[in-house]
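Bear in mind that the values here come from a model prediction, so they are computed numbers and not experimental data. For the numbers below, each heavy atom of this structure counts, side chains included, while hydrogens, waters and symmetry mates do not.
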Amino acid sequence: MKKKLSTILLTGLTNTQSLITAEMLDVNAIIYLTEKIFSNEVIELAKSKNINIFRSSIDIEDMIQCLTRNGVKEIKWFVEKIIFVSHLIS
C-alpha cells in the first residue's frame, strides 16, 4: 500500500541533500522550484528512495500563493530555501 501524500518539500536546491532531508522527514515528494535540470545522481537517488520529484519554474512566493488559493492550510518555513507543505491530502 502506498503512502498518502501528506507533505511536500518545496526547494530551489537541486542537490542530493534535499533527497536525504526528505527521506529523514518521511516526505515522499519534492517540488524543485528552479529551471535547473536534475543531475542523473539526483534522479537515481530519488528512484532508489521512492521519492517523487517535480520541477517548476514558479518562484517560492508564487507557489505559496497558488497552494493557499487551492486549499492548502499549513505551510511551514524550515530554512531560507526549503518549505514544507503539510496536509495536502488528509
Peer 1: Once rounded to the nearest 0.5 Å, what's the spacing between atom OG1 of Thr14 and atom CD1 of Ile37?
Peer 2: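 Atom-to-atom, Thr14:OG1 and Ile37:CD1 are 9.5 Å apart.
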Peer 1: My understanding is that only one of Thr16, Leu9, Thr11 makes a side-chain contact (heavy atoms from CB on, under 4.5 Å) with Leu13; could you say which?
Peer 2: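 With Leu13 as partner, side-chain contact (heavy atoms from CB on, under 4.5 Å) holds for just one option, Thr11.
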Peer 1: Quick test of your reading: applying salt bridge (charged side-chain N to carboxylate O under 4.0 Å, His left out), list the pairs with at least one residue in residues 33-44, sequence neighbours left out, ordered by first then second residue.
Peer 2: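 Salt bridge (charged side-chain N to carboxylate O under 4.0 Å, His left out) check on residues 33-44 returns Glu44-Lys47.
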Peer 1: Looking only at heavy atoms, what is the nearest atom pair of Cys66 and Asn70, with distance?
Peer 2: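 Closest heavy-atom pair between Cys66 and Asn70: O-ND2, 2.7 Å.
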Peer 1: So which residues get pulled into Ile20's cluster when ILVMFWY side chains under 4.5 Å apart are joined, directly or through others?
Peer 2: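 For the cluster that includes Ile20, the remaining residues are Met24.
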Peer 1: Do Asp62 and Leu33 have side chains that approach each other closer than 4.5 Å (heavy atoms only, starting at C-beta)?
Peer 2: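 No - every pair of side-chain heavy atoms lies 4.5 Å or more apart.
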Peer 1: Between Ile53 and Val42, which heavy-atom pair has the shortest distance, and what is it?
Peer 2: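 Closest approach of Ile53 to Val42: CD1-CG1, 4.2 Å.
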Peer 1: Scan for salt bridge (charged side-chain N to carboxylate O under 4.0 Å, His left out) pairs involving residues 8-17, sequence neighbours excluded, and state none if there are none.
Peer 2: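 For residues 8-17: none.
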Peer 1: Return the set of residues passing side chain to side chain donor-acceptor pair (under 3.5 Å) with Lys49 (not counting sequence neighbours), or none when no residue passes.
Peer 2: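 Scan of Lys49 (side chain to side chain donor-acceptor pair (under 3.5 Å), adjacent residues dropped) gives Glu23.
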Peer 1: Would you name the heavy atoms of Ser18 and Ile30 that are closest together and state the gap between them?
Peer 2: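 Closest heavy-atom pair between Ser18 and Ile30: O-CD1, 3.7 Å.
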Peer 1: If a pair satisfies ring-ring contact (aromatic ring centres under 6.0 Å, His included) and one of its residues is in residues 10-53, list it, with sequence neighbours excluded.
Peer 2: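 Of all non-adjacent pairs touching residues 10-53, those that pass ring-ring contact (aromatic ring centres under 6.0 Å, His included) are Tyr32-Phe38.
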Peer 1: Going by side chain to side chain contact (heavy atoms under 4.5 Å, CB included), name the residues that satisfy it together with Phe54, two or more places apart in sequence or in a different chain.
Peer 2: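 For Phe54, the residues satisfying side chain to side chain contact (heavy atoms under 4.5 Å, CB included) (neighbours in sequence not counted) are Ala29, Ile31, Asn52.
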Peer 1: Rounded to the nearest 0.5 Å, what's the gap from CD1 on Ile43 to CG on Leu19? Could you check?
Peer 2: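 Those atoms lie 10.5 Å apart.
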